[in-house]
Amino acid sequence: MSLAAEGKSPAAASDAAAPGAAGPPAAGHVVLDITGMTCAACAGRVEAALRRVPGVASASVNLALERADVAVTAAEVTPAALAAAVERTGFGAQPRATSAAERRRDEEAREQERLFAERQQLRHLVVAAALTLPLVLPMVAAPFGAHWHFDPWFELALATPVQLVVGARFYKAAFAALRAGSGNMDLLVALGTTAAYLFSLAMVLTRGEAATGHLYFEGSAAVITLVVFGKWLEARAKRGTTAAIRALMTLRPERARVLRDGGEVEIGIDAVRAGDRVVVRPGERIPVDGTVTEGESEADESLVTGESVPVVKRPGDKVTAGALNGVGRLIVAAVAVGEDTTLARIIRLVENAQAGKAPVQRLVDRVSAVFVPAVVLIALVAFAGWLVAGQGLESALVAAVSVLVIACPCALGLATPAALVAGTGAAARAGILVKDIEALERAAAVDTVVFDKTGTLTEGRPALTEAVPLDPALDRDTLLRLAAAVQTGSEHPLAAAVLAAVPQVTLAPVADFRALVGRGVVGTVEGRRVAIGNRDLMAELGIDLAAASPVLDGIEAEARTAVVVAADGRAIGVLGIADPLRPESAAAVALLAARGVRAEMLTGDSEAVAAKVAGALGLSAYRASVKPADKSGALAALKAAGRTPAMVGDGINDAPALAAAEVGIALGTGADVAVEAAPVTLMRADPRLVAAALDISRRTVRKIRQNLFWAFVYNVIGLPLAAFGVLTPALAGAAMAMSSVSVVTNSLWLKRWRPDFSATAGEPHP
């Protein structure tokens with residue numbers, strides 16, 4: 001459940017999650033920041049606690065982001081009540097801030113807390129390593145024929161601070177888990193190391209010097225040291241995976257200068273309102289989405305749209321919050337502020353995508369719920385088995401401790417979210433927004449990409465190329481004035497091309513205006529009923545095109561769009577309009593072909609125009625004269641034929657088709673991007689990013705599968721080896737620590753990903 005699914009705005013969704021509000025929130029979506037989780041079992045406990053709260057429809061906890069997303073059905077369910085439910089399980093919880101500025105400050109505070117915790121872990125690690133190293137030296141020297149041991153009392157003196165001081169964190173977390181009636185990684189570490197330590201302590205106290213060679217202080221100390229080492233590496237790696245969100249949050253200034261009462265006034269960003277005139281000095285970040293009214297400069301939008309080249313901004317141009325102003329001073333009329341800016345929406349989309357769960361993660365969650373009890377049971381069985389086999393208490397204890405130590409559910413809990421956070425963050429830096437994990441998984445399986453033509457493969461800025469009167473009594477200027485007048489009520493790009501070609505004169509008013517989707521427009525101008533549109537509209541109106549056909553055919557043969565102008569039931573002229581192809585369109589098709597993906601086109605244009613465009617770009621197939629309402633049917637037919645299609649359009653006019661595709665990809669630019677229109681949004685109008693979006697989706701899904709494979713393999717192989725005594729506790733601890741580190745490190749490779757537009761680059765279709 002999400003507010004977006006209920007038709008509420010993203011800003012409303014954010015408001016629903018507002019913390020610290022005076023009253024209860026509206027029913028919807030609440031986000032909590034969670035502290036104290038160490039493994040998948042911890043995340044499962046938090047989820048279970050939240051789901052037990054009356055009025056909670058669902059709860060999802062992301063271990064890598066330390067975040068809980070809660071869908072509530074009753075306004076009485078306050079963020080404070082949800083946080084209290086989490087705290088009763090032994091974890092910390094705090095509702096996420098309301099405004100972007102507050103969230104940024106909270107994120108900075110959390111980052112400082114993470115850095116402090118990381119430094120503290122490093123200090124503990126240094127102390128533990130210094131005390132543990134002498135204990136493990138005899139074990140390291142043994143394979144080389146050097147058999148010696150320290151005095152048992154000296155070993156006890158070295159191991160005790162490691163067990164009781166450095167290992168205190170595991171006892172605290174294990175106690176909290178037991179108090180909540182569940183288990184976690186800390187419980188396994190505490191049980192295993194305590195058993196080894198107490199056995200060795202008992203041997204020293206009862207046998208003194210005779211206990212030499214029969215102690216396992218090095219095992220308990222090594223396990224604690226290795227786990228702390230692993231958690232330190234994991235913390236550093238996790239900070240790297242969330243770097244994209246932190247980078248986006250730092251883009252928005254906290255203050256802005258606005259023009260009021262004839263002067264500049266500096267105010268907090270949350271006080272800026274739509275319509276305010278904002279002054280942006282050279283080198284400053286633009287604080288709002290808006291339109292330049294004065295000044296000229298360049299804007300670096302790379303961290304917002306992924307476009308590496310600065311874009312010239314002049315009066316009338318639109319600018320995006322977060323872009324870096326160049327050397328000129330700009331005055332910007334604010335259009336969108338606060339949570340409605342493109343940057344704020346990007347942050348929300350990336351956060352929501354990173355917080356999602358892949359379907360395979362649900363299986364992991366079920367496994368994690370029973371993992372710790374199952375491991376304890378396996379350890380008891382191993383212990384009993386060795387005793388029954390007559391191998392003695394010492395051998396039985398070593399096997400049981402090894403089982404407890406190697407079975408760490410950390411890697412399972414991090415496998416999916418670590419890859420997802422890194423992958424979606426890398427995509428966002430490139431200007432590709434993935435709304436949810438389901439869309440990412442579907443994008444990885446796409447084998448056919450269907451493009452809309454106008455504004456997607458073409459520039460979307462058609463220009464009039466010719467105006468041919470069919471009536472000898474009618475001159476070109478009169479034809480254009482009639483055509484332009486009837487189209488003053490239309491927002492279609494073709495109408496804009498006609499209007500732009502008419503001299504700046506006052507056009508006659510239009511009455512009874514009607515826009516006929518996919519066909520044209522009709523209206524009354526100067527007492528004449530004027531229609532302008534394609535052949536379908538003329539046929540519908542019963543207008544004879546015999547005189548117009550040669551001109552129509554000639555224009556369409558040149559791959560230009562031809563429209564007929566009719567007045568009072570008679571064709572009076574033909575207009576030719578050309579929409580140039582984007583320079584990147586041919587490369588986009590070639591990139592998809594190199595990846596084994598078919599590129600097709602759906603267009604409302606004529607067969608001749610569609611064929612010319614398809615030939616120029618090397619498209620696999622196309623369909624012409626397709627009305628917008630029929631595009632979704634064309635996609636349904638592709639799915640029925642066993643294809644997995646993605647639809648690429650402008651995100652607004654193509655909304656039905658975007659919804660009908662397996663994956664809808666909205667192609668947009670800057671502040672105009674329709675970020676809510678499709679599961680995947682490209683922040684700049686470069687169709688080559690379609691192939692890049694498929695690449696990062698495939699790489700991310702592949703990393704998730706790799707991580708899950710290794711997480712399960714560690715346990716599938718390690719548990720039997722430990723149970724049969726092949727692994728010592730120290731080796732088991734090393735394997736357990738490395739499992740988490742390997743999963744997060746493997747995911748971090750995704751941070752290096754950048755769109756590669758060479759024909760041989762990218763991920764082939766699986």
Side-chain angles (χ1 to χ4, degrees), residues 38-44 63 139 170 173-174 177 182-197 199 216 218-220 222-227 229-231 234 360-361 363-389 391-416 705-744 746:
T38 58
C39 66
C42 298
L63 177 62
M139 183 176 67
F170 301 110
S182 64
N184 60 3
M185 177 211 69
D186 301 289
L187 179 62
L188 296 179
V189 172
L191 284 174
T193 59
T194 301
Y197 177 82
F199 173 82
Y216 293 92
E218 83 285 352
S220 62
V223 166
I224 289 173
T225 302
L226 288 167
V227 173
F229 177 57
K231 299 306 286 185
E234 182 186 309
V360 69
Q361 181 66 21
L363 170 64
V364 174
D365 291 344
R366 289 196 293 271
V367 171
S368 299
V370 298
F371 191 82
V372 173
V375 168
V376 173
L377 179 61
I378 293 171
L380 291 174
V381 170
F383 183 78
W386 280 83
L387 289 179
V388 170
Q391 298 301 310
L393 178 62
E394 187 174 329
S395 298
L397 183 66
V398 169
V401 169
S402 298
V403 167
L404 290 171
V405 169
I406 200 171
C408 174
C410 286
L412 288 176
L414 290 168
T416 298
R705 291 171 180 164
Q706 289 174 353
N707 288 349
L708 288 171
F709 171 79
W710 287 112
F712 278 109
V713 161
Y714 269 110
N715 287 295
V716 169
I717 295 177
L719 279 172
L721 291 177
F724 286 105
V726 177
L727 294 178
T728 65
L731 290 175
M736 184 269 283
M738 289 304 103
S739 67
S740 297
V741 174
S742 64
V743 161
V744 179
N746 187 45

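Side-chain atoms are counted along with the backbone in the values below, which use heavy atoms only and exclude waters and symmetry mates. FYI, the numbering just counts along the sequence from 1. Bear in mind that the values here come from a model prediction, so they are computed numbers and not experimental data.
Heavy-atom minimum distance, L719 versus I378: CD1-CD1, 4.3 Å. A pairwise comparison of heavy atoms in F383 and L393 identifies CZ-CD1, 3.6 Å as the closest pair.
Legend: residues meeting side chain to side chain contact (heavy atoms under 4.5 Å, CB included) with V398, ordered by chain and number and at least two apart, are Y216, S402, P729. Residues passing the side chain to side chain contact (heavy atoms under 4.5 Å, CB included) test with L191, sequence neighbours excluded: L187, V376, L404. Listed by chain and residue number, nothing satisfies the ring pair (Phe, Tyr, Trp, His ring centres under 6.0 Å) test with F170 (two or more places apart in sequence, or in another chain).
Judged purely by atom type and a 3.5 angstrom limit, W386 uses its side chain to pair as donor or acceptor with the backbone of A723.
Atom CG of L387 is separated from atom OG of S395 by 9.5 Å, given to the nearest 0.5 angstrom. Once rounded to the nearest 0.5 Å, the distance linking CD1 of I224 with OG1 of T194 reads 7.5 Å.
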